[in-house]
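First up is the structure itself, then whatever we jot down about it.
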Amino acid sequence: PDGRVVAAGAFQAALNDPDLSARLGKWVGEKALRQAGLWHRAGFDFGSLAINLSASQLHDHHFAGTLIERVAEQGLTPGMIEIEVTEGVFLDVESGPVKRILERLKQSGMRVALDDFGTGYASLVHLRSYPIDVIKIDKSFVQRFLSSAQDRAILETILRLGASLGMDIVAEGIETAAQLQALKALGCPFGQGFLFSPAVPASHAIDWLLPVDCRQTRVA
């Protein structure tokens, strides 16, 4: 009401309501797919688009089929989509349906990422039991590993584990050049964070999708 910008974490508790969470997740997913479709039809190579799923969305046994249909309607291929889930999803919903839904999405060609790995309900069993392609290391480890021997040891262990399992590893929350260089030295292949860019509107994201020479022309 007073015009302040409120971060998502401030109202995250409201999303514990299953109906609200499912409706919001549906809206976000459809909007993201429409944007990806626009980029694809415009010839922009955006690689893949990651969409976070909530536990409430995975209550719907028809979810996988519906998502696959929505992807096709936008002229996209499943390989352009990455599904992100947190480990809490595996506990909040009966494990059988969740596994079947994720397996169907993976079989269609989508990749499955385990987000915020290392916190909350972390369990190595999830890496064995579910069709995980990507491990995203929680930012709490990334932000402290330069000053904490324990966090560094955990981060290094996750990197080795992921490599051994043939999974891609993404370090979340990279904010400084020192963190980036240290992660590179440890062999971390991918990273995300404010060091590269804060969240931006879709119109600004196009600058990231254009080749360097086109960016220079655009700026000029």
Side-chain angles (χ1 to χ4, degrees), residues 8 24-54 57 63-86 101-117 131-139 142 159 162-163 165-177 179-181 183-184 186-220:
L24 181 59
K26 179 181 179 181
W27 181 86
V28 170
E30 291 184 349
K31 192 171 182 66
L33 290 176
R34 285 198 298 271
Q35 183 60 62
L38 289 172
W39 281 338
H40 181 58
R41 290 188 290 276
F44 294 121
D45 180 10
F46 59 86
S48 64
L49 179 75
I51 301 176
N52 293 86
L53 299 185
S54 66
Q57 289 175 280
F63 177 79
T66 300
L67 179 58
I68 293 170
E69 290 176 2
R70 294 289 186 270
V71 170
E73 288 172 0
Q74 293 297 330
L76 305 169
T77 63
M80 296 176 178
I81 304 301
E82 181 177 290
I83 296 301
E84 292 192 8
V85 295
T86 62
I101 288 172
L102 294 180
E103 286 178 340
R104 184 176 179 192
L105 293 175
K106 182 169 181 176
Q107 289 167 1
S108 76
M110 298 184 199
R111 282 159 51 90
V112 179
L114 185 55
D115 199 13
D116 300 335
F117 184 76
I132 305 299
D133 300 292
V134 182
I135 296 174
K136 304 190 75 173
I137 303 174
D138 187 74
K139 64 181 181 181
V142 174
L159 288 172
L165 295 174
M167 299 176 180
D168 286 335
I169 308 294
V170 180
E172 298 183 292
I174 302 175
E175 297 182 354
T176 68
Q179 291 170 344
L180 175 62
Q181 294 305 316
L183 286 165
K184 285 183 176 180
L186 292 175
C188 184
F190 301 103
Q192 69 180 61
F194 278 18
L195 177 64
F196 308 110
S197 174
V200 296
S203 58
H204 294 176
I206 292 176
D207 290 331
W208 283 94
L209 305 177
L210 291 171
V212 174
D213 55 345
C214 292
R215 292 184 201 174
Q216 294 172 342
T217 302
R218 183 185 178 93
V219 172

Point-to-point distance, once rounded to the nearest 0.5 Å, from [atom1] of [X] to [atom2] of [Y]:
{"X": "Lys139", "Y": "Phe194", "atom1": "NZ", "atom2": "CZ", "result": "8.0 Å"}
{"X": "Asp116", "Y": "Asp138", "atom1": "CG", "atom2": "CG", "result": "5.0 Å"}
{"X": "Ile132", "Y": "Leu114", "atom1": "CD1", "atom2": "CG", "result": "5.0 Å"}
{"X": "Ile137", "Y": "Gln192", "atom1": "CD1", "atom2": "CD", "result": "11.0 Å"}
{"X": "Leu76", "Y": "Leu49", "atom1": "CG", "atom2": "CG", "result": "8.5 Å"}
{"X": "Ile51", "Y": "Leu33", "atom1": "CD1", "atom2": "CG", "result": "4.0 Å"}

Fill in: Where Ile169 and Cys188 come nearest, the two heavy atoms and their spacing
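Smallest interatomic distance, heavy atoms only, reads O-SG, 4.4 Å.
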Discussion item. Please find the pair of heavy atoms, one from Val71 and one from Pro78, that lie closest to each other, and give the distance.
Written reply: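 For Val71 and Pro78, the tightest heavy-atom pair comes out as CG1-N, 4.1 Å.
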Worksheet item: Would Val170 and Asp168 satisfy side-chain contact (heavy atoms from CB on, under 4.5 Å), going step by step from the backbone distance to the final call?
Response: CA-CA 7 Å; Val170 180; Asp168 286 335; 5.5 Å; no
Scan the side chains in residues 101-110 for donor-acceptor partners under 3.5 Å anywhere in the protein, sequence neighbours excluded, and list what turns up.
residue	atom	partner	partner atom	Å
Lys106	NZ	Asp133	OD1	3.1
Ser108	OG	Leu105	O	2.5

Which residues satisfy the side-chain contact (heavy atoms from CB on, under 4.5 Å) test with [X], sequence neighbours excluded?
{"X": "Leu195", "result": "Ile174, Leu180"}
{"X": "Ala72", "result": "none"}
{"X": "Val200", "result": "Ser197, His204, Ala205"}

Worksheet entry | Donor-acceptor pair, side chain of Gln179 and main chain of Glu175, under 3.5 angstrom |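 Yes.
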Discussion item. Has Gln35 got a side-chain atom pairing as donor or acceptor with Ala32's backbone, closer than 3.5 angstrom?
Written reply: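 The answer is no, because no donor-acceptor pair under 3.5 Å joins these two groups.
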Item to complete: Scan residues 39-51 for pairs that pass side chain to side chain donor-acceptor pair (under 3.5 Å), counting only residues two or more places apart or in two chains.
Response: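 Side chain to side chain donor-acceptor pair (under 3.5 Å) check on residues 39-51 returns no pairs.
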Worksheet item: Under the side chain to side chain donor-acceptor pair (under 3.5 Å) rule, what pairs show up with a residue in residues 73-85, not counting sequence neighbours?
Response: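 Those involving residues 73-85 are Asn52-Glu84, Glu84-Lys136.
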Item to complete: Could you tell me which residues satisfy side chain to side chain donor-acceptor pair (under 3.5 Å) with Glu172, sequence neighbours excluded, listed by chain and number?
Response: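 With sequence neighbours excluded, Glu172 shows a side chain to side chain donor-acceptor pair (under 3.5 Å) to no residue whatsoever.
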Worksheet item: Tell me, which pairs form a salt bridge (charged side-chain N to carboxylate O under 4.0 Å, His left out) where one or both residues lie in residues 27-37, sequence neighbours left out?
Response: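 Non-adjacent pairs meeting salt bridge (charged side-chain N to carboxylate O under 4.0 Å, His left out): Glu30-Arg70.
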Worksheet item: So does Phe46 have more than 12 non-hydrogen atoms from other groups sitting under 6.0 Å from CZ?
Response: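 Check passes, neighbour count above 12.
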Fill in: Phe63 side chain near Leu53 side chain, heavy-atom distance below 4.5 Å
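A side-chain contact under 4.5 Å exists here.
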